[in-house]
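Bear in mind the structure is a predicted one, so any value in this text is a computation, not a measurement.
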Amino acid sequence: MRAAMVDKRERKMRAISPLLYQPAFFGEQDADFLLVSWGSTKGPALEALKTLRSLNISVKYMHIRYASPFATDAIRAALKAAKRHLIIEGNSQGQMRNLIREKTGHFIENFYGRYDARPLEPAEIVAQVKACIGSL
C-alpha cells in the first residue's frame with residue numbers, strides 16, 4: 001500500500017505543468033547582478049529594486065515561488081547568466097540557498113538572513129546589494 005501511495009504522489013507531481021512553478025523575474029533582465037529570494041521577502045525586494053533603479057544600480061530579481069516542484073532548469077540558467085548573486089531569506093540557515101545548491105549544483109556566495117522575527121526592510125536589501133557590488 002505504501003509504495004502505491006508514493007507512486008500516486010509522484011504521478012501527481014509529474015502532472016503539474018512546469019509553467020505553474022517557474023520563478024518570477026523582475027528588474028533589469030540583462031543585469032550582471034541577480035538578487036534571489038522566496039516567500040515573504042518578495043515585497044521588500046521589489047521595493048528595494050525601485051531604490052536600486054533610482055541609484056542607477058542594475059539588478060535582476062528572481063523570486064522563487066515553489067520549493068516543490070522545483071524549477072531547476074530556469075533557476076540554474078538564471079544563476080549562470082549572472083556574474084554575482086545575493087540571496088535574502090527570513091531565516092538563519094539559508095534553507096532556500098541550500099535547496100538551490102542541492103538541486104542546481106550552484107552555490108550562491110552572498111547570503112543575507114534575517115531571523116529576529118521582524119520583516120526584511122528594503123533599505124537592508126539595498127545595503128546588502130551595494131556591499132556585494134562594492135566587492136567587485
Side-chain angles (χ1 to χ4, degrees):
M1 179 58 80
R2 182 185 184 320
M5 295 308 293
V6 169
D7 292 342
K8 179 181 177 179
R9 283 190 292 280
E10 182 63 28
R11 283 190 307 275
K12 285 183 176 183
M13 292 298 283
R14 284 194 309 261
I16 298 171
S17 170
L19 297 174
L20 295 175
Y21 58 86
Q22 296 305 305
F25 292 95
F26 306 90
E28 305 296 324
Q29 295 306 306
D30 59 346
D32 288 336
F33 191 91
L34 179 66
L35 177 64
V36 180
S37 81
W38 64 289
S40 63
T41 57
K42 181 182 181 184
L46 290 173
E47 286 299 314
L49 275 184
K50 292 177 188 176
T51 302
L52 291 164
R53 187 175 298 124
S54 73
L55 298 171
N56 292 320
I57 297 174
S58 180
V59 175
K60 181 177 183 178
Y61 168 48
M62 176 172 61
H63 179 75
I64 298 173
R65 297 188 279 188
Y66 293 95
S68 181
F70 195 77
T72 302
D73 294 337
I75 293 168
R76 183 184 297 124
L79 291 167
K80 284 184 178 181
K83 292 180 183 172
R84 296 285 254 183
H85 315 91
L86 168 66
I87 186 163
I88 55 173
E89 298 192 44
N91 65 74
S92 66
Q93 299 173 344
Q95 295 163 329
M96 183 56 73
R97 180 188 195 193
N98 293 332
L99 183 62
I100 290 169
R101 185 176 192 180
E102 175 189 331
K103 298 287 189 177
T104 70
H106 186 94
F107 181 69
I108 298 176
E109 67 276 6
N110 297 300
F111 169 76
Y112 180 68
R114 178 134 189 212
Y115 50 94
D116 60 1
R118 293 181 13 233
L120 280 162
E121 296 289 333
E124 291 176 271
I125 298 168
V126 169
Q128 291 296 317
V129 169
K130 289 168 76 175
C132 291
I133 290 174
S135 66
L136 284 174

- Message: Taking side-chain hydrogen bond (donor to acceptor under 3.5 Å, both in side chains) as the definition, give me every residue that meets it alongside N91, ordered by chain and number, with sequence neighbours left out.
- Response: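 Once residues adjacent in sequence are excluded, the partners of N91 under the side-chain hydrogen bond (donor to acceptor under 3.5 Å, both in side chains) criterion are E89, Q95.
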Do you reckon [X] sits in the same ILVMFWY cluster as [Y], going by side-chain contacts under 4.5 Å, direct or chained?
X    : Y   : result
W38  : V59 : no
F33  : F25 : no
L34  : F70 : yes
V129 : L46 : yes
I88  : L49 : yes

- Item | For F26, ring pair (Phe, Tyr, Trp, His ring centres under 6.0 Å) partners two or more places apart | Y61
- Task: Using a 4.5 Å cut-off on heavy atoms from C-beta on, say whether the side chain of L86 contacts that of I108.
- Result: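 Of all side-chain heavy-atom pairs linking L86 with I108, none is under 4.5 Å.
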- Are side-chain heavy atoms of I64 and L99 found at a separation under 4.5 Å?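 I64 does not reach L99 side chain to side chain.
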- Task: Can you tell me which residue pairs pass the side-chain hydrogen bond (donor to acceptor under 3.5 Å, both in side chains) test with a partner in residues 39-49, sequence neighbours excluded?
- Result: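 Counting only pairs at least two positions apart or across chains, the side-chain hydrogen bond (donor to acceptor under 3.5 Å, both in side chains) contacts touching residues 39-49 are S37-T41, E47-K50.
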- Message: Under 4.5 Å side-chain heavy-atom separation, chaining through any Ile, Leu, Val, Met, Phe, Trp or Tyr, what else clusters with Y66? Say none if it is isolated.
- Response: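 For the cluster that includes Y66, the remaining residues are M13, I16, L20, Y21.
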Rounded to the nearest 0.5 Å, what's the gap from [atom1] on [X] to [atom2] on [Y]? Could you check?
X    : Y   : atom1 : atom2 : result
I133 : L55 : CD1   : CG    : 10.0 Å
K60  : L35 : NZ    : CG    : 12.0 Å
L79  : M62 : CG    : CE    : 4.5 Å

- Query: Any ring-ring contact (aromatic ring centres under 6.0 Å, His included) pairs touching residues 81-113, not counting sequence neighbours?
  - Reply: H85-H106
Residues in salt bridge (charged side-chain N to carboxylate O under 4.0 Å, His left out) with [X], at least two apart?
X    : result
R9   : none
E28  : R53
E124 : R114
R118 : D116

- Message: Filter on salt bridge (Lys or Arg N to Asp or Glu O under 4.0 Å), then keep only pairs touching residues 63-75, sequence neighbours left out; what's left?
- Response: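 For residues 63-75: D73-R76.
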- Could you list all the salt bridge (Lys or Arg N to Asp or Glu O under 4.0 Å) pairs where at least one residue sits in residues 100-109, not counting sequence neighbours?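 Qualifying pairs, neighbours excluded: none.
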Please list every donor-acceptor pair under 3.5 Å in which a side-chain atom of residues 1-8 meets a protein atom from a residue at least two apart or in another chain.
none

- Note on the structure: Closest heavy-atom pair, A48 versus P122, reported as atoms and distance to 0.1 Å, is CB-O, 3.7 Å
- Closest approach of R84 and C132, non-hydrogen atoms and distance?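 Answer, listing the atom of R84 first, then C132: NH2-O, 3.3 Å.
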